[in-house]
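Below is one structure, written out as structure tokens; the observations come after it.
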Number of protein chains: 2
Amino acid sequence: MKKNKAKAVTIHDLAEELKVSASTVSRALNEQEGIGKKTRKAVKKLAKEWGYRPNRMASSLRTNTSRTIGILVPWINRPFISSLISGIENAARGSGYQVIIAQSHDSSDQEKENIQTLYDTRISALIISLAMETTDYSHFELIQENDIPVVFVDRIPNLGNCIKVQINNFKAAFDATAHLIAQGCTRIAHFGGSSNQIIYQDRRLGYLSALKNAGLDIDERLNLQAQHLSAEEGTRLSEQIFSLENPPDGIFCANDTSAISAIKYAQEKNIRIPEDLAIIGFNDDPICTVISPQLSSITHPASSMGMEAVNQVISLLNGKSQAHDSAVSLSLETNLVIRASSDRRR
Amino acid sequence: MKKNKAKAVTIHDLAEELKVSASTVSRALNEQEGIGKKTRKAVKKLAKEWGYRPNRMASSLRTNTSRTIGILVPWINRPFISSLISGIENAARGSGYQVIIAQSHDSSDQEKENIQTLYDTRISALIISLAMETTDYSHFELIQENDIPVVFVDRIPNLGNCIKVQINNFKAAFDATAHLIAQGCTRIAHFGGSSNQIIYQDRRLGYLSALKNAGLDIDERLNLQAQHLSAEEGTRLSEQIFSLENPPDGIFCANDTSAISAIKYAQEKNIRIPEDLAIIGFNDDPICTVISPQLSSITHPASSMGMEAVNQVISLLNGKSQAHDSAVSLSLETNLVIRASSDRRR
DNA sequence: GTATTTTGCACAATCGATTGCATAAACGAC
DNA sequence: GTCGTTTATGCAATCGATTGTGCAAAATAC
């Protein structure tokens, strides 16, 4: 007899109907040893018939884990991050995990607080991209002490013994800069991000290395940095380099937002792109193909990074490796996408 | 004495230390009646000292609710939606709620499945923007039968007895179209979305109403529809209207993506914007200020919608109204943002 | 002073699933 | 047929917080 719709079916209901104990039902459903074939079959059949759905709360309480992956990112509403989350959500749900989201708003304090709350939720694992501010990682101890797997994505910490999913920022930046050089640029500026974050350090190093490699002079007045690489900061940096007596003929920007600002600034000043100034960004946000001239950029495999992060999480949770002593560093492929903003060949 | 770090503090630990019962501790911490002032104070003090954090799982199991709000959206990685989610996350976390995310990918089946899973998680409430496909709402019964508050956002169902947070699509569309008319357009096309969704029906009605109101002819060959209003569909519709012997001099697009396609198409064909063709989009996505000419649009208060949805949820949960018999329909303000793509005055 | 009400708290059950241990049944070996 | 082993299952405790009921002490009334 079908149970009352309003009241959820429990293992006890199934047990009662089948004249077995709740523990038997539990073991049967969880594919555990020591259950007769017939019993197992009967339990599964009835569970399906009655639409049994396990109570996650009860299970979580008992096992002290929730089959929930916590995601902690600086901002949800950014193209790269929302795609990252989308990738995580797909992969996680495909493996039977829920996904809980929190934003740090690039503040270490909020990051800390959110980690506490996520911990309270007994998340099975944490996937995190660091707040811009964060340089101290002590707030992760709570998570790690409790053997909750942590996977760092994109904005990773300066630590060895942890799991990271990232791109090769150095190489991507090197390639981007080398591309500008190949287009004939000789004075190339860099709009970089906060040196708190390794990704921006690496992009800067890649930039510098490409310059050195080509035998170009390094002018520190062109090697710039902004806290958030916002549109406003992009404009400010543009003003700054074009007030120099000897302005650059190329810019490698560590994100697309600031690159767009540079394009707009140049257009206002009637600086021709790419003839007088070649520009390349980073991330390959949708805006790249909307701005005119279209913006060259580096593709950032956001969704794949999310999926890979989940893969790491799952293999940790399946006990293939110990959470606290493993150090994986995964590097995903980027691609240089050449568009009109830097293409002088035509 | 501080407890062992690895083991979490429970109300029983506190109770033992204070020589009271666990129930007293629980009531003291939850601001319930029937506890002496001194006891209450002592409990709170020790809880703070020992860093007590309630076990959400236990609480959820007992109370059959999780202080978690489920969000179900078609896609996470879209500007409007990621901002909506961001708004929800902020408001929810501010009120002590977690936020769990799921994507329907615009498929009714996935929507259905996700609702089941979210239900299994015993979400306290659901905030949802419908999948494009969805016209049948029977999968919400499970949620509503169990008195879980549901708030529909943006893509709302065609039902009276539910809670909706939306914008006045009719008015916004009317205003957008009227603006084009004021600019001198007399043959105005409409790129609309699937008639499955009320928001697109309303935008179309607003468009038609503005035309009628101005005494303009309605040409059904200009009144178009696309399933997803993607960039490709935008291009296709543009081709379509410009293959007419009498092409339009204005387009009102129900989203920015298709409007951008129209701009690009026009530019390829050397159609001047806004002189020969004035264009206005909808949503005010970031791309609007990046494309050249900048795209006029309707601001969609994404983040505020998220916050309002959470407000509705909270007031329902606080029992100010019954979940199943209340029908709130909140309309947030939109704004017409006039930019170069439609501004003929200069 | 006793009688009555109020206050403050403890006890124990409960939410639903999981799991170590105990035991009964089935099976095989001789 | 007896004994030993394996297999299948039940029992009961447990996870941590919540809550209805009951009782003793304190407060109030008379």
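On a predicted model such as this, the values are computed, not experimentally measured, just so you know. Proteins come first, then strands; the chains are lettered A, B, ... in the order of their sequence lines, and each starts at number 1.
- Comparing Ser23(B) and Ala58(A) against DNA chain C, the residue whose closest nucleotide sits nearer the 5' end is Ser23(B).
- Lys112(B) has no carboxylate O lying under 4.0 Å from a charged side-chain N of Asp136(B), or vice versa, which leaves the two without a salt bridge.
- Distance alone, capped at 3.5 Å, places no donor-acceptor pair between the Gln103(B) side chain and the Val73(B) backbone.
- Under 4.0 angstrom from either OP1 or OP2 of dG10(D) there lies at least one side-chain N or O belonging to Thr24(A).
- At dT9(D), none of the side-chain N or O atoms of Ser21(A) fall inside 4.0 Å of OP1 or OP2 (strictly under the cut-off).
- Heavy atoms of Val25(B) sit nowhere under 4.0 angstrom from any nucleic acid atom.
- Within a 6.0 Å sphere centred on CD of Gln110(A), other residues, nucleotides and ligands contribute more than 12 heavy atoms.
- Aromatic pair Phe152(A)/Phe140(A): ring centres closer than 6.0 Å.
- Here chain B contacts DNA chain C (any atom closer than 4.0 Å to a heavy atom, that is under 4.0 Å), and the contacts span dG8(C) to dG16(C) from 5' to 3'.
- Open room surrounds CE on Met307(A); 12 or fewer heavy atoms of other groups in view lie less than 6.0 Å from it.
- Comparing Arg53(B) and Thr39(A) along DNA chain D, the residue whose closest nucleotide (by nearest heavy atom) sits nearer the 5' end is Thr39(A).
- The stretch residues 29-38 of chain B comes close to DNA chain C through Gly34(B), Ile35(B), Gly36(B), each having a heavy atom under 4.0 Å from the strand.
- At whole-Å resolution of the value, CD1 in Ile11(A) and P in dA12(D) are 16 Å apart.
- If you take NZ on Lys48(A) and NZ on Lys44(A), they are separated by 10.5 Å, rounding to the nearest 0.5 Å.
- For the residue pair Ser124(A) / Thr65(A), a side-chain donor-acceptor distance below 3.5 Å is found, with atom types taken as modelled.
- Here the shortest heavy-atom pairing between Tyr97(B) and Thr68(B) reads CD2-N, 3.9 Å.
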